[in-house]
2 protein chains.
Amino acid sequence: MATIYDIAEKVGVSVATVSRVINGVNHPIKGETRQRILEAAQELNYRPNTIAKSLAQGRTHTVALLIPSITNNFYTQISEIIESKLDEEGYNIYLCNTKRSIEKESRYVENLIARRVDGVIFSPTRVRPEDNEANLDNITELSRNNIAVVTFGSRFPNVSQIYINTYYGACEAVRYLLKLGHRQIGFIDGLTAGTRRRRRKGYLDTLKEAGIEGEELIISGDLEMEGGYRCALQLLQRNNPPTAVIAVNNLMAIGVIKAAKEIGIKIPEDLSVIGFDDSLLSQVIEPSLTVVKQPLVEIGNAAARLLIRQLHGETEAETVEFNTRLVIRESCRAR
Amino acid sequence: MATIYDIAEKVGVSVATVSRVINGVNHPIKGETRQRILEAAQELNYRPNTIAKSLAQGRTHTVALLIPSITNNFYTQISEIIESKLDEEGYNIYLCNTKRSIEKESRYVENLIARRVDGVIFSPTRVRPEDNEANLDNITELSRNNIAVVTFGSRFPNVSQIYINTYYGACEAVRYLLKLGHRQIGFIDGLTAGTRRRRRKGYLDTLKEAGIEGEELIISGDLEMEGGYRCALQLLQRNNPPTAVIAVNNLMAIGVIKAAKEIGIKIPEDLSVIGFDDSLLSQVIEPSLTVVKQPLVEIGNAAARLLIRQLHGETEAETVEFNTRLVIRESCRAR
DNA sequence: TAATATTAGGTAAACGGTTACCTTTTTTTA
DNA sequence: TAAAAAAAGGTAACCGTTTACCTAATATTA
């Protein structure tokens with residue numbers, strides 16, 4: 001493959017001149033020379049070697065996106081937005097799928113440091129509370145190696161991050177159900193700390209305000225449809241089953257609807273259901289699903305902005321906060 | 001950041017020795033020396049610089065996945081499989097989202113060459129027939145720069161590729177509907193050449209065998225739910241509306257169901273619907289959708305295998321062929 | 001015990017760019 | 001018209017590895 005040396009030789013100039021022309025740097029070059037260099041580059045089918053460039057400049061113009069799942073629309077939609085923003089700034093992205101595995105996450109971090117990415121946007125996995133430590137390790141490890149970091153989905157000190165006020169989202173969902181007259185409200189959470197834990201807290205706090213104990217109607221699923229399905233069966237076959245269920249994500253809420261249908265419980269007549277996140281699924285299922293929606297576009301844009309800010313040299317961490325919005329569809333009814 | 005020079009200096013050996021220890025190459029090293037080097041590496045928090053390594057070795061251990069959409073489950077599921085396969089082999093992947101834009105696709109190809117990826121798995125976008133040329137240009141451009149290429153979704157000469165026999169998939173769908181007694185079968189395709197065009201051909205051929213002209217019941221959508229919805233409205237409001245509709249992908253089929261519901265047409269009683277691909281959506285919608293399913297896992301595995309084969313030096317192109325499978329759910333009924 | 005192999009390590013070129021610092025020529029300015 | 005400035009280009013060190021080729025010491029073999 002042709003290099004700038006080949007071009008330099010062909011044209012009869014030094015590589016410095018070739019490099020300057022190719023990169024359009026601010027250094028005077030005679031028009032004719034420039035022309036000849038560009039023509040030679042064309043003829044030799046020259047392609048700049050980004051690897052060599054990165055080595056020389058110490059910047060790769062690459063950032064990584066570390067997300068728990070690439071088959072989950074919540075993350076891919078955010079990713080798509082982030083990608084187009086960073087593309088505009090001339091960055092390429094590694095999309096890394098951690099599959100909710102702490103171990104894979106750490107391996108990726110190690111790898112990204114070795115690859116000298118300029119920045120990372122990171123939605124840490126936190127299946128068990130103690131995972132928080134591994135998350136933190138990963139983040140400090142990145143920072144220690146001069147890699148810009150932006151997180152979303154969990155909260156960390158001294159890190160630029162997107163914070164979604166999911167606590168109030170959960171409160172809103174519960175209040176809505178209370179207003180509809182529900183008193184027995186089930187809650188399917190996800191065995192995870194961080195975001196979903198705050199949702200649970202919002203749920204409990206709001207119930208307590210209304211003088212209701214919710215603890216025993218909490219159950220943990222695996223964040224997939226199957227999990228929602230199984231949890232719903234357990235909840236609905238209790239002696240005193242809930243009249244409404246909140247699931248901590250979209251897929252599990254769909255699982256709840258499926259389970260209810262199977263055992264002949266009508267939604268929304270006999271059971272109200274609320275999910276988190278939003279997707280085509282929630283709109284398409286019957287009845288369509290009332291959800292606590294997170295502002296995907298805003299999250300994506302903000303994450304990209306925070307990262308770019310750091311890549312441009314800003315060192316102080318910034319937190320951007322968003323609120324959720326309750327999107328009312330057909331899956332809830334007054335009792 | 002620490003380099004092998006720092007380690008070499010600290011231990012009092014040459015960088016060659018350090019490099020050998022770090023990479024565990026087949027070269028004898030005294031146990032004690034090895035120990036001291038590893039300790040020094042640890043203490044200095046050494047991270048190998050993949051960039052420098054790539055430059056020296058001429059291989060990046062990176063492959064790119066070029067797909068039309070990262071929010072479409074069909075592609076992300078395949079991607080996930082490919083990713084885990086390649087991960088096992090020590091490759092990292094760039095997931096590139098072409099958004100069905102030929103222009104973006106070409107930009108990516110340019111960029112991937114500059115980044116010297118070792119290989120590319122590519123599902124080319126072909127919105128108009130003439131895009132075929134751009135697709136081919138991209139593929140030859142990659143090959144010309146010694147980058148291994150595997151394609152899926154379109155057919156090219158002399159390229160390792162996954163071929164899904166979608167023609168027979170369409171035939172099967174039509175035959176199924178014919179057997180159910182349908183004679184007026186609408187077809188919503190996607191303005192695209194390649195795969196979807198072969199589906200159309202399968203549709204037409206099979207109808208012709210049965211002595212039916214299908215041309216006028218063909219209509220083109222945008223591959224999104226909205227497109228399916230609009231096309232369905234057009235088809236269903238004809239004088240002589242179809243009693244069955246095949247949509248060339250999943251999302252448009254969902255759009256058809258939505259449209260039918262809105263104008264009071266019952267599925268499957270008044271209208272049978274078949275989609276292509278498969279996803280949770282098809283299972284969750286009511287009635288659940290009968291689809292022509294593509295073997296995602298097999299496609300992903302085969303794509304990875306074909307690429308690895310090339311990365312290991314095999315130069316001859318290999319084509320792997322898969323058949324679709326008709327998954328019968330509730331959206332069709334005999335007339 | 002001399003010849004040969006093996007072990008252990010070092011030297012330096014190469015990978016393909018960038019860029020600080022020079023030099024020479026031409027143009028501008030006072 | 002001499003001095004200063006701008007234009008045009010070159011030289012070579014540097015980025016952090018790998019690796020072919022060497023050397024020296026030690027172990028093995030006949």
Side-chain angles (χ1 to χ4, degrees), chain A residues 1-38 40-41 44-62 90 111 113-118 145-146, chain B residues 1-38 40-41 44-62 90 111-118 145-147:
Chain A
M1 258 177 101
T3 69
I4 55 172
Y5 284 87
D6 301 324
I7 299 178
E9 194 179 351
K10 180 160 186 172
V11 177
V13 295
S14 74
V15 291
T17 306
V18 176
S19 175
R20 286 171 185 135
V21 168
I22 302 277
N23 294 292
V25 297
N26 186 23
H27 188 100
I29 303 279
K30 221 203 298 181
E32 188 221 325
T33 309
R34 175 189 314 280
Q35 206 50 47
R36 282 166 54 218
I37 288 174
L38 292 177
L44 294 171
N45 191 34
Y46 170 76
R47 306 303 177 95
N49 185 325
T50 311
I51 304 294
K53 197 167 184 155
S54 296
L55 184 59
Q57 295 189 136
R59 315 188 347 113
T60 54
H61 287 277
T62 304
N111 194 275
I113 294 173
R115 288 179 181 269
R116 301 295 192 270
V117 296
D118 294 338
N145 287 283
N146 291 314
Chain B
M1 258 177 102
T3 71
I4 54 171
Y5 283 90
D6 301 323
I7 299 178
E9 195 179 349
K10 181 159 187 175
V11 177
V13 295
S14 75
V15 292
T17 305
V18 176
S19 175
R20 286 170 186 138
V21 168
I22 301 276
N23 293 292
V25 297
N26 185 22
H27 189 101
I29 303 279
K30 223 202 297 179
E32 188 221 326
T33 311
R34 177 190 313 280
Q35 207 50 46
R36 282 165 56 218
I37 288 174
L38 292 176
L44 293 171
N45 191 33
Y46 170 76
R47 306 303 178 95
N49 185 326
T50 310
I51 304 295
K53 195 168 184 156
S54 297
L55 184 59
Q57 296 189 137
R59 318 190 342 116
T60 53
H61 287 277
T62 305
N111 193 275
L112 296 172
I113 294 173
R115 288 180 181 267
R116 302 294 193 271
V117 297
D118 294 338
N145 287 282
N146 291 314
I147 296 174

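Letters go in sequence order (proteins before strands), and every chain restarts at 1.
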Point to revise | V15(A) side-chain proximity, nearest of dT18(D), dG16(C), dT18(C) | key: dT18(C)
Review point. Rounded to whole angstroms, how far apart are NE2 on H61(A) and P on dT18(C)?
Key: 11 Å
Exercise for review: Keeping the roles fixed (side chain from T60(A), backbone from S54(A)), state whether a donor-acceptor pair exists under 3.5 Å.
Suggested key: no
**Study point:** Closest nucleotide among dT18(C), dT18(D), dG16(C) to the L55(B) side chain
**Key:** dG16(C)
Review point. Between atom CD1 in I4(B) and atom P in dT18(D), what is the gap in whole Å?
Key: 6 Å
Review point. Which nucleotide in the list dA7(D), dG17(C), dT17(D) gets nearest to the side chain of Y46(A)?
Key: dG17(C)
Check your understanding: Taking all atoms of both residues into account, what is the closest heavy-atom pair of N23(A) and K53(A), and its distance?
Key -> OD1-NZ, 2.9 Å
Practice item. Could you check if a side-chain atom of I29(A) sits within less than 4.5 angstrom of a side-chain atom of R20(A), using non-hydrogen atoms only? Key: yes
Check your understanding: For dT18(D), does OP1 or OP2 lie under 4.0 Å from any side-chain N or O of N23(B)?
Key -> yes
Exercise for review: Using whole Å, report how far CD of E32(B) lies from P of dA8(C).
Suggested key: 11 Å
Check your understanding: Can you check the E9(B) CD to dG10(C) C1' distance for me, whole Å?
Key -> 16 Å
Check your understanding: Atom CD1 in I4(A), atom CD1 in I37(A): separation rounded to 0.5 Å?
Key -> 10.0 Å
Exercise for review: Check every strand shown and say whether T3(A) touches a base, only sugar-phosphate, or nothing at a heavy-atom separation below 4.0 Å.
Suggested key: sugar-phosphate
Check your understanding: Looking at the side chain of H27(A), which of dG16(D), dT18(D), dA8(D) is the nearest nucleotide?
Key -> dA8(D)
Practice item. Taking the side chain as every heavy atom from C-beta outward, state whether I7(A) and L44(A) have any pair of such atoms under 4.5 Å apart. Key: yes
Point to revise | Phosphate contact (dT18(C) OP1 or OP2) by K53(A) side-chain N/O below 4.0 Å | key: yes
Exercise for review: Write down the distance between CG (N26(B)) and C1' (dG9(C)), rounded to a whole number of angstrom.
Suggested key: 15 Å
**Study point:** I7(A) CD1 - dT18(C) P separation (whole Å)
**Key:** 11 Å
Study note, to complete from the structure: Rounded to whole Å, the CD1-P distance (I51(A) to dT18(C)) equals 13 Å
Practice item. Please work out if T17(B) contacts a base, only the sugar-phosphate, or nothing of the nucleic acid, heavy-atom cut-off 4.0 Å. Key: sugar-phosphate
Practice item. Report which part of the nucleic acid T33(A) touches: base, sugar-phosphate, or nothing (heavy-atom distance under 4.0 Å, all strands). Key: sugar-phosphate
Review point. Of A16(A) and M1(A), whose nearest nucleotide on DNA chain C comes first from the 5' end?
Key: M1(A)
Review point. Which whole-number value in Å describes the distance from K30(A) NZ to dT26(C) P?
Key: 9 Å
Practice item. Could you pick out which residue, A56(B) or I29(B), lies toward the 5' side of DNA chain C when each is mapped onto its nearest nucleotide? Key: I29(B)
Check your understanding: With side chains defined as the heavy atoms from C-beta onward, is the minimum distance between R36(A) and K30(A) less than 4.5 Å?
Key -> no
Review point. If you take atom types as modelled and just measure distance, does the side chain of R20(B) reach the base of dG10(C) with a donor-acceptor pair under 3.5 Å?
Key: yes
Practice item. Examine dG17(C): is either OP1 or OP2 under 4.0 Å from a nitrogen or oxygen in the side chain of S19(A)? Give yes or no. Key: no
Check your understanding: Looking for any heavy atom pair under 4.0 Å, which part of the strands does V13(A) touch: base, sugar-phosphate only, or nothing?
Key -> sugar-phosphate
